[in-house]
Protein chains: 2
Amino acid sequence: MTHYRLNYLNLIREMGYRLTPQRQIILDTICEQGGHATAREVYERVRQKTPSINRATVYRVLDFFCELNLATKTELNGRTLYEIVGEEPHHHIVCNQCGQAAVVPDEYFNELTAHVWQQHGFKAELKHMVIAGVCRHCQTLNPNT
Amino acid sequence: MTHYRLNYLNLIREMGYRLTPQRQIILDTICEQGGHATAREVYERVRQKTPSINRATVYRVLDFFCELNLATKTELNGRTLYEIVGEEPHHHIVCNQCGQAAVVPDEYFNELTAHVWQQHGFKAELKHMVIAGVCRHCQTLNPNT
DNA sequence: GGGGTTGTTGCGAAAAGTTGCAATAGCAAA
DNA sequence: TTTGCTATTGCAACTTTTCGCAACAACCCC
Ligand SMILES: [Mn+2]
Ligand SMILES: [Mn+2]
Ligand SMILES: [Zn+2]
Ligand SMILES: [Zn+2]
């Protein structure tokens, strides 16, 4: 949140990009929101503070943050969600039936990362994965299929 | 391809859904296309055969196929791609730098599936995952970062 | 502080994707 | 073959996302 703000703003300039007020406002907005937010939610909040900011700018800045690995963009339950990247990357399991989402740690992917590295020399950079399936609760409710 | 056609068409009816000409045409079109196809590509091809088919129908049928696990919908390199599901599920590794995509087998995900099962009682149903990262080639070209 | 370079923004319009609703047409049953 | 039920489609309007381009403004240098 506020903690990362300075680091992130510095990062932008260190990478040779310009630190515009739009980028600062949008960054702050995502941080305030906390957790996942849609482009629409970010835009609505942003325009309340600064109505002059254009919708296209919000989309472009969100993509820009993803490019810098400062945020992630993920499809979850049919919604496209943005989230600020913290120190520890995390991922989600999402139930196909009830839609409930839970967090899972990055370590679950260690073996997968090892496989693609050994077999393909591919350096996986897993940011914000979504694992679809059926949660414990829905399995007991619906023990067929 | 043609091989699956009958099975798929039967599946639709066995599940209690209606076998409409639109669904057959769209299924054939994805099969002909082979591999990944965007909604737009499918729509363009479909309308050449049968211009009366509406764009909304194409989107709805594509979603319908995904619902039945007859197809998958995946974001890859900024494009939303549909693909017919074959006997063996497969996944992809995609290079963030050059965009090259390769196929990886389902077994790479076995440990991940085991983790979420043991820790969360979650039954993962991995269909068509995309693992982002840097391919071998781009690593040698660009050994920084 | 003023000036030049060029990355970014706002704007308008187009493209992509979604939705509600009335008309159509599968398909099962008679 | 005909009939009835209702899932599915086409249509049109709507929302969401993208794009090209001219105007703007960070940032660097003097
Ligand atoms: Mn998350
Ligand atoms: Mn594929
Ligand atoms: Zn559930
Ligand atoms: Zn590459």
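Protein chains get the first letters and strands the later ones, always in sequence-line order, with residue 1 at the start of each. Just so we're clear, the structure is a prediction, and the values are computed from it rather than from any experiment.
The ring pair (Phe, Tyr, Trp, His ring centres under 6.0 Å) test applied to His36(A) returns His92(A), His128(A), not counting sequence neighbours.
Defining each end axis of the helix from dG1(C)-dC30(D) to dA30(C)-dT1(D) as the rotation carrying four pairs' C1' atoms onto the next four, with five pairs an end, the two axes are found to diverge by 30° to 10 degrees.
Checking Thr80(B) against Lys73(B) by side-chain atom types alone, no donor-acceptor pair falls below 3.5 Å.
One can place CD of Glu41(A) at 17 Å from P of dT15(D), the figure rounded to the nearest angstrom. Atom P of nucleotide dC27(D) and atom CG of Asn10(A) are separated by 11 Å, given to the nearest angstrom. Distance, Lys73(B) NZ to dA16(C) C1': 11 Å, rounded to whole Å. In this structure, Leu81(A) places its CG atom 11 Å from P of dT17(D), rounding to the nearest Å. In this entry the distance linking CG of Asp63(B) with P of dT19(C) reads 10 Å, nearest Å. In this structure, Ile25(A) atom CD1 and dA25(D) atom P are separated by 13 Å, rounded to whole Å. The nearest whole Å value for the distance from the CD1 atom in Ile53(A) to the P atom in dT8(C) is 15 Å. Atom OH in Tyr82(B) sits roughly 13 Å away from atom P in dA16(C) (whole-Å rounding).
Using a 4.5 Å heavy-atom threshold, the side chains of Thr38(A) and Tyr82(A) count as separate. The shortest side-chain heavy-atom distance between Ile30(B) and Leu62(B) falls under the 4.5 Å cut-off.
The number of heavy-atom neighbours closer than 6.0 Å to CD of Gln100(A), taken from other residues, nucleotides and ligands shown, is 12 or below. Atom CD of Glu67(B) has 12 or fewer heavy atoms from other residues, nucleotides or ligands within 6.0 Å.
In terms of position along DNA chain C, the nucleotide closest to Val61(A) lies nearer the 5' end than the nucleotide closest to the other residue of the pair Thr80(B) and Val61(A). When the nearest nucleotides of DNA chain D are assigned to Ala56(B) and Arg23(B) by heavy-atom distance, the more 5′-ward of the two goes with Arg23(B).
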Identify the pairs formed between an N or O of the protein and an N or O of nucleotides 24-29 of chain C at a distance under 3.5 Å, and give each distance.
unit_1  : atom_1 : unit_2   : atom_2 : d
dG26(C) : N2     : Arg18(B) : NH2    : 2.7
dG26(C) : N3     : Arg18(B) : NH1    : 3.3
dC27(C) : OP1    : Leu19(B) : N      : 2.7

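Under the 6.0 Å cut-off for aromatic ring centres, Tyr8(A) and Phe65(A) do not qualify, their centroids lying 6.0 Å or more apart. Between His91(A) and Phe109(A), the ring center distance clears the sub-6.0 Å criterion.
A close approach under 4.0 Å does occur between a side-chain nitrogen or oxygen of Tyr59(A) and OP1 or OP2 of dT17(D). Between Asn54(B) and dT9(D) there is no side-chain polar atom (N or O) within less than 4.0 angstrom of OP1 or OP2.
Among the heavy atoms of the strands lying under 4.0 Å from Arg55(B) is at least one base atom, whether or not backbone atoms are also near.
Both tests pass for Arg23(B) against the ring of Phe64(B): distance under 6.0 Å to the centre and angle within 45° of the axis.
In this structure, of dC21(D), dT17(D), dT8(D), it is dC21(D) that holds the atom nearest to the side chain of Arg60(A).
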